[in-house]
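By convention in this document, chain letters (A, B, ...) are assigned in the order of the sequence lines, proteins followed by strands, and residues within each chain are numbered from 1.
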Amino acid sequence: MDIQEELKVAIKQAITELYQQEIGEVALQPTKKEFDGLYTFVTFPLTKILRQNPAQIGQSIGTWLVDNSPIVSQFNVVQGFLNLSIDDSAWITVMNDMATDVAFGTLPAKNQSVMVEFSSPNTNKPLHLGHLRNNFLGDSVSRILAANGYDVVKACIVNDRGVHICKSMLAYKMFGDGETPESAGMKGDHLIGKYYVLFDKAYKTQIEEMVAQGTPKEEAEKQAPLMQEVQQMLRLWEQGDAETVALWRKLNNWVYEGFDATYQTIGVSFDKTYYESNTYILGKEIVEEGLQKGVFYQKPDSSVWIDLTEEGLDQKLVLRSDGTSVYMTQDLGTTDLKFQDFHNDRQIWVVGNEQDYHFNVLFAILRRLGRPYANNLYHLSYGMVDLPTGKMKSREGTVVDADDLIQETTEAASTAADEAAKGKLDEFSDAEKAALFTTLGLGALKYYLLKVDPQKRMQFNPAESVDLHGNTGPYIQYVHARIQSVLRKAVELNVLTDKPVEATDLDEIEQQLVFLLSQYPQRVEEAGQDYAPSYLAQYAYELAKTFNQFYDKLSILKEVDPVKLHTRLVLAKVVGETIRKAMGLMGIDVPDKM
RNA sequence: GCAUUCGUAGCUCAAUUGGAUAGAGCACCUGACUACGGAUCAGGAGGUUUGGGGUUCGAAUCCCUACGAGUGCACCA
């Protein structure tokens, strides 16, 4: 039973019968808390069509609904707002539906596939806070789309070649002295990051020396011997020089081991990994195709361009005059490759908003080329993560390392949780405790980063990110643990939660809870449409908070009326399951005890 | 300079896409524990939604403008 749908149909019917008019889509909104009712229909827009004032329209429709719809029990009209109360029997039907539907909140299969590309790291340094926002977003959006009935392919493109990795390679060659992750006692990605920093230091010293001797800074940056060597190394790599390739392979593998450990900790995985070393040559035949189709044009120096001024964009280079690729060429190639590999109905890129322009251009070019998939591409753009002290700057050493952060968050969770648990965890083994603290720490961190609208730049406050109170992951996790505790005791009392609810009336707060629960599938759908994990964060918090109010106001296990006791247990059970699902869509686990 | 995103309580964020008196959390103040898990709940205070115009029954939301912040405007990726 879908109360909202039934209401919409009933309202349409009311207008047809009362006014002999057809209206389009009926929009309902949740009633504000200070008014009676749960659904509100706004009548202002109808005044012109129905030629009546808003309050009269509300009064007429409200009266008709109470007389003709079995689910509408009461109504009130405030100006142009028609507030509707729903009969308890309808809510109880809804509750029973939800309690028996194992797949509640999972939408029917759409027989369409989506590729979500995210993470896509460079292999010269470890992941940082910004990558975490990217990974959590991509992972969560993938889960949300799967819940919406799409077949999802999670893809990662590893940027494993180029100047940046050559810098680490060169520094390792110079200062490495055979060091390995084992000998250094460091994760591989951190070790390579160390050499990247070493390169940068040595390089800067060279530049400073050259500038001191009178070379202009810009020229010094290009002429510095270290940079020359890096360029030479890149050429050797491209020529397939055995020694260079072997070094490259060795260092990259260390980095992958490090990344894998981090991915495992944060619970992120991919269905397909592309390596740029395999794909960077792609795209040149597309340039050829574009020239033949007249989409691109060639300048006398033989560089190739596209003119996108009609789309409000600029002229853009797609092939250098020496015939080598640029970033855009590669992306054209990989987009085609991804489509050939999976034939996805849609492709999504989770990439920071500094590349907004790049994706506008990429999509415009693919449209011009007449790619069949060109209108089903989406750049999920997200804002940077700032620190309370300002921007993260690698040069100033203010970058927050992902592994460090996760460790700190877990430690903070363990300190706070050990204290707050007050003996509840005594029976836990050390391993169980460690697992719980990771769940709580990661829950706090993921929730903190996902609750904000992706598009917005956000501020990361370390102290707030590990908070357990208020609008946080652990607050919601706590409600789940609390519910499980109640359900465990119910089992001891032999109260079954798998038979239908037989109550005939509900308390107001119970009604509010059922109403919220009934909205879950719709929220999943909206989150999918807008690629917005934040909707689910908002929802999970509201549900958890409402449950705590319910819990405070009404007793469950101490209730003497067996019908009410049963009703409340079923309600608690469904709330627990829905919290688990909603949090699951953000990649957040919920514990049974904490 | 051009393009683009953003500006909401002291701070961090919401606002169901144009709807009611703009809501939460943190911090601050007050109350509720012989507890179905107080890691909780109830209450208080806190706002000219950056300023100024406009559109309409109705604007944080749409348009214009000023101010402020971010990002992009490479034959880098």
Query raised in the report: Has the side chain of Ser534(A) got a donor or acceptor atom sitting under 3.5 Å from an opposite partner on the base of A14(B)?
Result: no
Report task. Check every strand shown and say whether Lys424(A) touches a base, only sugar-phosphate, or nothing at a heavy-atom separation below 4.0 Å. Result -> base
Query raised in the report: Under a 3.5 Å cutoff on both atom distances, Watson-Crick or G-U, what's the dot-bracket for RNA chain B ([ ] crossing, | other strand)?
Result: (((((((..((((.....[...)))).(((((.......))))).....(((((..]....))))))))))))....
Requested in this report: Have a look at Asp530(A) and say if it touches a base, only the backbone sugar-phosphate, or nothing, with a 4.0 Å heavy-atom cut-off.
Outcome: base
Query - Earlier contact from the 5' end, RNA chain B, for Gln522(A) and Ile556(A) - result: Gln522(A)
Query raised in the report: When we call it a touch if two heavy atoms are under 4.0 Å apart, what does Ala27(A) touch: a base, just sugar-phosphate, or nothing?
Result: nothing
Dump the pairs, protein N or O against N or O of nucleotides 71-77 of chain B, anything under 3.5 Å, distances to one decimal.
unit_1 : atom_1 : unit_2    : atom_2 : d
U71(B) : OP1    : Lys391(A) : NZ     : 2.2
C75(B) : O3'    : Arg320(A) : NE     : 3.0
C75(B) : O2     : Ser321(A) : N      : 3.1
C75(B) : O2     : Ser321(A) : OG     : 3.1
C75(B) : N3     : Ser321(A) : OG     : 2.9
C75(B) : N4     : Asp301(A) : OD2    : 2.1
C76(B) : OP2    : Arg320(A) : NE     : 2.3
C76(B) : OP2    : Arg320(A) : NH2    : 2.2
C76(B) : O3'    : Arg320(A) : NH2    : 3.4
A77(B) : OP1    : Arg320(A) : NH2    : 3.1
A77(B) : OP2    : Tyr327(A) : N      : 3.0
A77(B) : O3'    : Glu276(A) : OE2    : 3.1
A77(B) : O2'    : Asn159(A) : ND2    : 3.0

Query - Sugar-phosphate only, base, or nothing, as touched by Pro54(A) at under 4.0 Å among non-hydrogen atoms - result: nothing
**Report entry** Where protein sits on nucleotides 6-11 of chain B, one letter per nucleotide: B base, S sugar-phosphate only, - none, heavy atoms under 4.0 Å
**Finding:** SS----
Report task. Return each pair, listed once, that meets salt bridge (charged side-chain N to carboxylate O under 4.0 Å, His left out) where at least one residue sits in residues 543-553 of chain A; pairs must be two or more places apart or across chains. Result -> Asp507(A)-Lys553(A)
Query - Sub-4.0 Å heavy-atom contacts from residues 535-555 of chain A onto RNA chain B, ordered by number - result: Tyr535(A), Gln538(A), Tyr541(A), Lys545(A), Asn548(A), Gln549(A), Tyr551(A), Asp552(A), Leu554(A), Ser555(A)
Query raised in the report: If you measure from the ring centre of Tyr478(A) to the centre of the six-membered ring in the base of G37(B), is it under 5.5 Å, with the planes under 30° apart?
Result: no
Requested in this report: Check the geometry between Tyr475(A) and A39(B) and answer yes if their rings are stacked (centres below 5.5 Å, planes below 30°), otherwise no.
Outcome: no
Requested in this report: Please work out if Ala417(A) contacts a base, only the sugar-phosphate, or nothing of the nucleic acid, heavy-atom cut-off 4.0 Å.
Outcome: base
Query raised in the report: Touch check for Asp592(A), heavy atoms < 4.0 angstrom, all strands: base, sugar-phosphate only, or nothing?
Result: base
Query raised in the report: With a non-hydrogen cut-off below 4.0 angstrom, is Pro45(A) in contact with a base, only sugar-phosphate, or nothing?
Result: base
Query raised in the report: Which sits closer to the 5' end of RNA chain B, Tyr448(A) or Ala416(A), going by the nucleotide each is nearest to?
Result: Tyr448(A)
Query raised in the report: So what does Met594(A) hit on the nucleic acid, given a heavy-atom distance under 4.0 Å: a base, only sugar-phosphate, or nothing?
Result: base
Report task. Please name the pair of heavy atoms, one in Ile144(A) and one in Val524(A), separated by the smallest distance, quoted to 0.1 Å. Result -> CG2-O, 4.0 Å
Requested in this report: Tell me yes or no: between the side chains of Asn548(A) and Tyr475(A), is some donor less than 3.5 Å from an acceptor?
Outcome: yes
Between the protein and nucleotides 54-56 of chain B, list the N/O to N/O atom pairs that are separated by less than 3.5 angstrom.
none

Requested in this report: Look at Lys32(A) and G23(B) and indicate whether a side-chain polar atom (N or O) is within less than 4.0 Å of OP1 or OP2.
Outcome: yes
Requested in this report: Look at the rings of Tyr280(A) and Trp237(A) and say which category their plane angle falls in: under 30° parallel, 30 to 60° tilted, over 60° perpendicular.
Outcome: tilted
Report task. Determine the contact category for Thr472(A): base if any of its heavy atoms lies under 4.0 Å from a base atom, sugar-phosphate if only primed atoms, P, OP1 or OP2 are that close, otherwise nothing. Result -> nothing
Query raised in the report: For Val452(A), which contact category applies under a 4.0 Å heavy-atom criterion: base, sugar-phosphate, or nothing?
Result: sugar-phosphate
**Report entry** Ring centers of Trp248(A), Tyr275(A) separated by less than 6.0 Å
**Finding:** no
Report task. Determine the contact category for Ala490(A): base if any of its heavy atoms lies under 4.0 Å from a base atom, sugar-phosphate if only primed atoms, P, OP1 or OP2 are that close, otherwise nothing. Result -> nothing
Query raised in the report: Is the distance between the ring centroids of Phe359(A) and Trp349(A) less than 6.0 Å?
Result: yes
Query raised in the report: Between Tyr327(A) and His358(A), is the ring centre distance below 6.0 Å?
Result: yes
Query raised in the report: Does Asn83(A) make a side-chain donor-acceptor contact with the base of A20(B), cut-off 3.5 Å?
Result: yes
Report summary line: With syn meaning chi within 90° of zero and anything else anti, the base of U17(B) is syn
